[in-house]
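Along the sequence shown, residues are numbered consecutively beginning with 1. Everything numeric here is computed off the predicted structure, so don't read it as measured data.
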Amino acid sequence: MPLGSKSNALLVISLAPALCLGQARVDLARGQRLYLSNCAPCHGPTGNGGKGSDLTRPDLPRASDDQAFFNIIRRGIPGTEMPNTRHLLDRDIADVIAYVRTLSRSAPPAVTGDPARGAGLYRAKGNCAQCHMIRGEGGRLGPELTAIGFHRSPGYLRNCILNPEACSFDSFFLYRFVTLIPDNFLQVRVVTTDGRRITGLRLNEDPFSIQIRDFSDHIYSFWKSDLAELDKQWGRSPMPGFRDVFTPGELDDLVAYLTSLR
């Protein structure tokens with residue numbers, strides 16, 4: 001690509017979906033096949049979420065229109081597991097978008113628990129507010145849960161409560177140095193050249209430095225040149241599993257409460 005042509009290239013990308021959707025009829029069956037082979041591993045076969053967002057919601061915040069949706073699929077979301085899809089043609093993406101739009105018409109998954117009881121379990125027995133924040137109240141160690149029910153399905157939430165490390169990313173296809181929690185939620189362990197050992201969660205990182213919040217809520221900033229070791233612990237989570245904490249009924253109530261957070 002010639003120097004100075006980046007803006008032109010982005011313009012072509014941004015115009016592509018409009019041209020594609022306006023000049024060709026979409027094929028829902030083909031969109032479903034493409035979705036199952038490219039999107040289902042993260043978003044689930046029926047679109048109700050997993051490591052990827054729940055796509056069955058009637059409105060998708062980042063994909064409010066087909067233009068925005070096309071750009072997300074084509075370019076991915078840097079700093080998350082959402083990769084780019086440069087192997088797909090514009091027509092492929094148009095068919096996928098049309099198919100995903102139909103998923104919001106499916107019946108939402110049944111939630112059998114009591115949200116009010118779940119709220120009490122969240123605050124007391126689970127002590128979840130020690131690490132998670134809801135509407136400005138709670139801890140900062142874990143991802144914010146203010147709208148978690150809008151982004152994750154009940155099944156995914158249940159699995160994360162029982163086995164948190166199953167919900168921790170193993171890697172990021174589109175890694176970037178500058179990061180934000182929860183998009184790049186990553187546990188790290190550093191050893192400084194003077195022998196200090198600190199384990200915590202990465203807040204930000206660039207090519208020369210890294211910022212970490214430890215499990216006591218202390219924040220550290222290090223020059224990478226001052227580190228003897230930097231271990232990025234993909235797939236690890238400081239959150240304990242709650243399999244032996246909640247009864248099946250209590251787990252239903254807690255999932256119902258989290259699902260209600262929108």
Item to check | Close side-chain approach of Asn159 and Ile161, heavy atoms under 4.5 Å | outcome: no
Checklist entry - Can Glu205 and Lys232 be counted as an ion pair, charged N to O under 4.0 angstrom? => result yes
Checklist entry - Tell me, do Tyr220 and Arg213 make a side-chain contact under 4.5 Å, heavy atoms counted? => result no
Checklist entry - Is it the case that more than 12 heavy atoms not belonging to Arg262 sit under 6.0 Å from its CZ atom? => result yes
Item to check | Minimal non-hydrogen separation, Ala68 against Arg62, with atom names | outcome: CB-O, 3.7 Å
Item to check | Heavy-atom pair of closest approach, residues Lys224 and Ser209 | outcome: CE-O, 3.7 Å
Next on the checklist: Same cluster or not: Leu258 versus Leu162, using hydrophobic residues (I, L, V, M, F, W, Y) connected whenever any side-chain heavy atoms lie under 4.5 Å apart?
Outcome noted: yes
Checklist entry - Do the non-hydrogen side-chain atoms of Cys39 and Val96 ever get within less than 4.5 Å of each other? => result yes
Checklist entry - Rounded to the nearest 0.5 Å, how far does CZ of Arg158 lie from CG of Leu251? => result 4.5 Å
Next on the checklist: Do Trp223 and Asp226 make a side-chain contact, defined as non-hydrogen atoms from C-beta onward lying under 4.5 Å apart?
Outcome noted: yes
Checklist entry - Is there side-chain contact between Leu230 and Val190, with at least one heavy-atom pair below 4.5 Å? => result yes
Next on the checklist: In the structure I gave you, are the side-chain heavy atoms of Gln233 and Asp231 within less than 4.5 Å of one another anywhere?
Outcome noted: yes
Checklist entry - Between Glu165 and Ser237, do the side chains contain an N or O donor and an N or O acceptor separated by less than 3.5 Å? => result no
Next on the checklist: Any carboxylate oxygen within less than 4.0 angstrom of a Lys/Arg side-chain nitrogen, looking at Arg140 and Asp217?
Outcome noted: yes
Item to check | Residues Asp114 and Arg117 bridged, charged N to O under 4.0 Å | outcome: yes
Checklist entry - Are Tyr156 and Tyr257 connected in a single hydrophobic cluster, I mean Ile/Leu/Val/Met/Phe/Trp/Tyr linked by side-chain heavy atoms less than 4.5 Å apart? => result no
Checklist outcome for this item: So OH of Tyr122 and CG of Leu261: to nearest 0.5 Å the spacing works out to 8.0 Å
Checklist entry - Is Asp95 salt-bridged to Arg33, cutoff N-O under 4.0 Å? => result no
Checklist entry - Linking I/L/V/M/F/W/Y whenever their side-chain heavy atoms sit closer than 4.5 Å, directly or via other members, would Ile134 and Leu121 fall into one cluster? => result yes
Checklist outcome for this item: Heavy atoms of Leu55 and Leu60 approach each other most closely as CA-CD2, 4.0 Å
Next on the checklist: Grouping I, L, V, M, F, W and Y whenever their side-chain heavy atoms are under 4.5 Å apart, do Ile148 and Ile77 come out in a common cluster?
Outcome noted: no
Checklist outcome for this item: To the nearest 0.5 Å, atom CG of Leu34 lies from atom CZ of Arg91 at 9.0 Å
Next on the checklist: So, taking the atom named CG in Leu88 and the one named OG in Ser37, what distance separates them when rounded to the nearest 0.5 Å?
Outcome noted: 8.0 Å
Checklist entry - So do the side chains of Asp54 and Arg152 get within less than 4.5 Å of each other, counting heavy atoms only? => result no
Next on the checklist: What I want to check is whether the side chains of Asn38 and His87 have a donor and an acceptor closer together than 3.5 Å.
Outcome noted: yes
Item to check | Val191 side chain reached by Arg196 side chain, heavy atoms, under 4.5 Å | outcome: no
Checklist outcome for this item: Interatomic distance, OG1@Thr102 vs CD1@Ile97, rounded to 0.5 Å, equals 12.5 Å
Checklist entry - Does a sphere of radius 6.0 Å around CZ in Arg123 hold more than 12 heavy atoms from other residues, nucleotides or ligands, not counting ones at 6.0 Å or beyond? => result no
Item to check | Minimum heavy-atom distance between Leu141 and Phe215, given as atom pair plus value | outcome: CD1-CD2, 3.7 Å
Checklist entry - How close do Val111 and Pro154 get, heavy atom to heavy atom, and via which atoms? => result CG2-CG, 3.7 Å
Checklist entry - Who are the side chain to side chain donor-acceptor pair (under 3.5 Å) partners of Glu229, not counting sequence neighbours? => result Arg189
Item to check | Backbone of Ile73 reached by a side-chain donor or acceptor of Thr85 within 3.5 Å | outcome: yes
Checklist entry - Roughly how far, to the nearest 0.5 Å, is the CD1 atom of Ile93 from the CD1 atom of Ile72? => result 11.5 Å
Next on the checklist: Using the rule that Ile, Leu, Val, Met, Phe, Trp and Tyr join whenever any side-chain heavy atoms are under 4.5 Å apart, tell me whether Leu89 and Val100 fall into a single cluster.
Outcome noted: no
Next on the checklist: Show the nearest heavy-atom pair for residues Thr56 and Leu103, with the distance to one decimal.
Outcome noted: CB-O, 3.8 Å
